[in-house]
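The structure under discussion appears below in the form of C-alpha cells.
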Amino acid sequence: MQANLEHPRHGESLLDFAIHHNRELGLTSRHFSRGSVLFVPHTAINAVFIIRYGRLRVSAPAESGQQVFLAELGPGDIVGEVSAITGSREATIVEAVEDTEAVVFTRPAFLRVLRECPEGSLQVMRILCERLKSSNTRHMEKVSLSMAERLAIEIGRLSSVEDDGVLEVRNAPTHSELADRIGSHREAVTKELSRLSREGVLDVQRGLIRVLKPDKLLPNRYSAH
C-alpha cells in the first residue's frame with residue numbers, strides 16, 4: 001500500500017515538490033531541443049510536464065491552417081494538466097521555443113498529487129487561474145484595441161529593464177511570431193515596427209528590440225511619471 005505523500009513545505013513550489021518526491025512518484029526528466037514538438041492535437045494522454053528551464057509555446061490550429069497563439073510557458077509552469085484532469089486531449093500544439101528541460105509525471109502520478117496534497121492542488125489551480133486570466137486579457141485586447149496598441153502592449157509584456165534603464169526584449173520573437181501573439185499579420189507588424197523605429201521609439205534588431213521611448217510606446221503606463 002502506498003504511503004501518503006508529504007504536503008509541500010511552506011513556500012515550496014510544485015516543481016520543488018516534484019523534485020523532492022522524484023523517486024516516490026516515479027518521475028523522470030526530459031530534454032527538448034528548440035523546435036521540438038511535445039504535443040500535437042489529440043495526442044494520447046500520457047504525461048504532464050513541469051518546466052525546469054526553457055520555454056514552451058502553446059497554440060491551436062485554425063481552419064485556415066494558421067496556428068493561433070494561446071500561451072508561452074516558462075520555468076515552474078505545467079503543460080498537459082488539463083488533459084490529465086479531464087481525460088480528453090485538447091486540440092493544441094506544444095513546442096519548445098528554446099532548449100527546455102521538464103519534470104515528467106505520468107497521469108496516475110499527477111492525479112495522485114492532486115488527490116493527496118491539498119497544497120499541490122491549490123498550486124495547480126492557481127496556475128490554471130492565472131492562465132485563464134491571461135487568456136481573458138488577450139481576448140479583451142483583441143476585441144477592443146487596435147493592432148498597434150496590441151503590439152505595443154505585447155512588447156511591454158516581453159521586455160525587461162536592463163542595467164542602463166532601457167527596456168529590452170532579448171531573444172525577440174520574429175515578426176511572424178509577434179503577429180501570432182497579437183492575432184494579426186506579419187506584414188502589419190513589420191509596417192508598425194518600421195514606423196516606431198523611424199520615430200525613434202524602438203531600436204529593432206535581429207533577436208533584439210530596445211524600447212528607447214517607453215512613454216511613447218505605452219503612454220498610459222508612463223503618463224504618471
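Reckoned from all heavy atoms, side chains included, excluding hydrogens, waters and symmetry mates. Everything numeric in this text was worked out from a predicted model, so none of it was measured.
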E149 and S146: side chain donor to acceptor below 3.5 Å:
yes
Could you check whether any side-chain N or O of T100 sits under 3.5 Å from a backbone N or O of E98, counting only pairs where one atom can act as donor and the other as acceptor?
yes
Side-chain heavy-atom pair I155, L202 within 4.5 angstrom cut-off
yes
Assess the residue pair L73 and V94 against the criterion (side-chain contact (heavy atoms from CB on, under 4.5 Å)); give the C-alpha distance rounded to whole Å, side-chain angles, the decisive distance to 0.1 Å, and a yes or no.
CA-CA 10 Å; L73 310 178; V94 180; 5.9 Å; no
Which pair of heavy atoms, one from T174 and one from E177, lies closest together, and at what distance?
N-OE1, 2.9 Å
Check ion pair E141-R138 (N to O, under 4.0 angstrom)
no
Please find the pair of heavy atoms, one from A96 and one from L38, that lie closest to each other, and give the distance.
N-CD1, 4.2 Å
Is there a continuous path of hydrophobic side-chain contacts, each under 4.5 Å between heavy atoms, that joins L111 to M125?
no
Looking at every heavy atom in both A172 and L208, which two are closest together, and how far apart are they?
CB-N, 3.8 Å
Apply the test side-chain contact (heavy atoms from CB on, under 4.5 Å) to residues F110 and V124: give CA-CA distance (whole Å), side-chain angles for both, the deciding distance (0.1 Å), then the verdict.
CA-CA 10 Å; F110 182 73; V124 171; 4.1 Å; yes
Do L27 and V104 have side chains that approach each other closer than 4.5 Å (heavy atoms only, starting at C-beta)?
no
If we only count heavy atoms from C-beta on, is the E192 to M147 side-chain gap below 4.5 Å?
yes
Can you find a side-chain donor-acceptor pair between E24 and N22 that sits under 3.5 Å?
no
Are any side-chain N or O atoms of D77 and backbone N or O atoms of G74, one a donor and one an acceptor, separated by less than 3.5 Å?
yes
Is E168 paired with R210 through a side-chain N to carboxylate O contact shorter than 4.0 Å?
yes
Does L193 belong to the same Ile/Leu/Val/Met/Phe/Trp/Tyr cluster as L158, with side-chain heavy atoms less than 4.5 Å apart forming each link?
yes
On a heavy-atom basis, which atom in P75 and which in R52 lie closest, and how many Å separate them?
CB-O, 3.7 Å
For H139, is the NE2 atom crowded, meaning more than 12 foreign heavy atoms sit under 6.0 Å from it?
no
Distance check, rounded to the nearest 0.5 Å: S184 atom OG versus H175 atom NE2?
12.5 Å
What is the distance from atom NZ of K133 to atom CG of N136, rounded to the nearest 0.5 Å?
10.5 Å
If hydrophobic clusters are built by linking Ile, Leu, Val, Met, Phe, Trp and Tyr wherever their side-chain heavy atoms come under 4.5 Å apart, do I85 and I78 end up in the same one?
yes
Reported OG-to-NE2 distance for the pair S176 and H185, which is rounded to 0.5 angstrom:
11.5 Å
pair S59-V68: side-chain heavy atoms closer than 4.5 Å
no
Is R126 paired with E130 through a side-chain N to carboxylate O contact shorter than 4.0 Å?
no
For the hydrophobic clusters of this structure (ILVMFWY residues joined by side-chain heavy atoms under 4.5 Å, transitively), does one cluster hold both F69 and V82?
no
Would you name the heavy atoms of A18 and I50 that are closest together and state the gap between them?
CB-CD1, 4.3 Å
Is there a continuous path of hydrophobic side-chain contacts, each under 4.5 Å between heavy atoms, that joins V201 to L212?
no
Is it the case that the side chain of S159 and the backbone of G156 share a donor-acceptor pair, with hydrogens and angles ignored and the cut-off at 3.5 Å?
yes
Test side-chain contact (heavy atoms from CB on, under 4.5 Å) on V79 and V48 and set out the steps.
CA-CA 6 Å; V79 65; V48 176; over 6 Å; no
Please name all residues satisfying side chain to side chain donor-acceptor pair (under 3.5 Å) with D180, sequence neighbours left out, ordered by chain then number.
R57, Q66
Side-chain donor/acceptor of S135 to backbone N/O of R131, under 3.5 Å:
no
Nearest 0.5 Å, what's the CD1-CG distance between I153 and L145?
5.0 Å
Closest contact, heavy atoms only, S83 versus R107
O-NE, 4.3 Å
Is it true that a side-chain atom of T106 and a backbone atom of A109 form a donor plus acceptor pair closer than 3.5 Å?
yes
A side-chain contact here means heavy atoms from C-beta on lying under 4.5 Å apart; do L128 and E81 qualify?
yes
Nearest 0.5 Å, what's the CD1-CG distance between I209 and N171?
11.5 Å
Evaluate the side-chain proximity of I51 to L56: yes if any heavy-atom separation is below 4.5 Å, no if none is.
yes
Of the options F49, Y53, F39, which is the one that meets F32 in a ring pair (Phe, Tyr, Trp, His ring centres under 6.0 Å)?
F49
May I ask you to decide if I182's main-chain N or O and R150's side chain share a donor-acceptor pair within less than 3.5 Å?
yes
Flag the pair E72 and R181 as a salt bridge only when some basic side-chain nitrogen lies within less than 4.0 angstrom of an acidic carboxylate oxygen.
yes
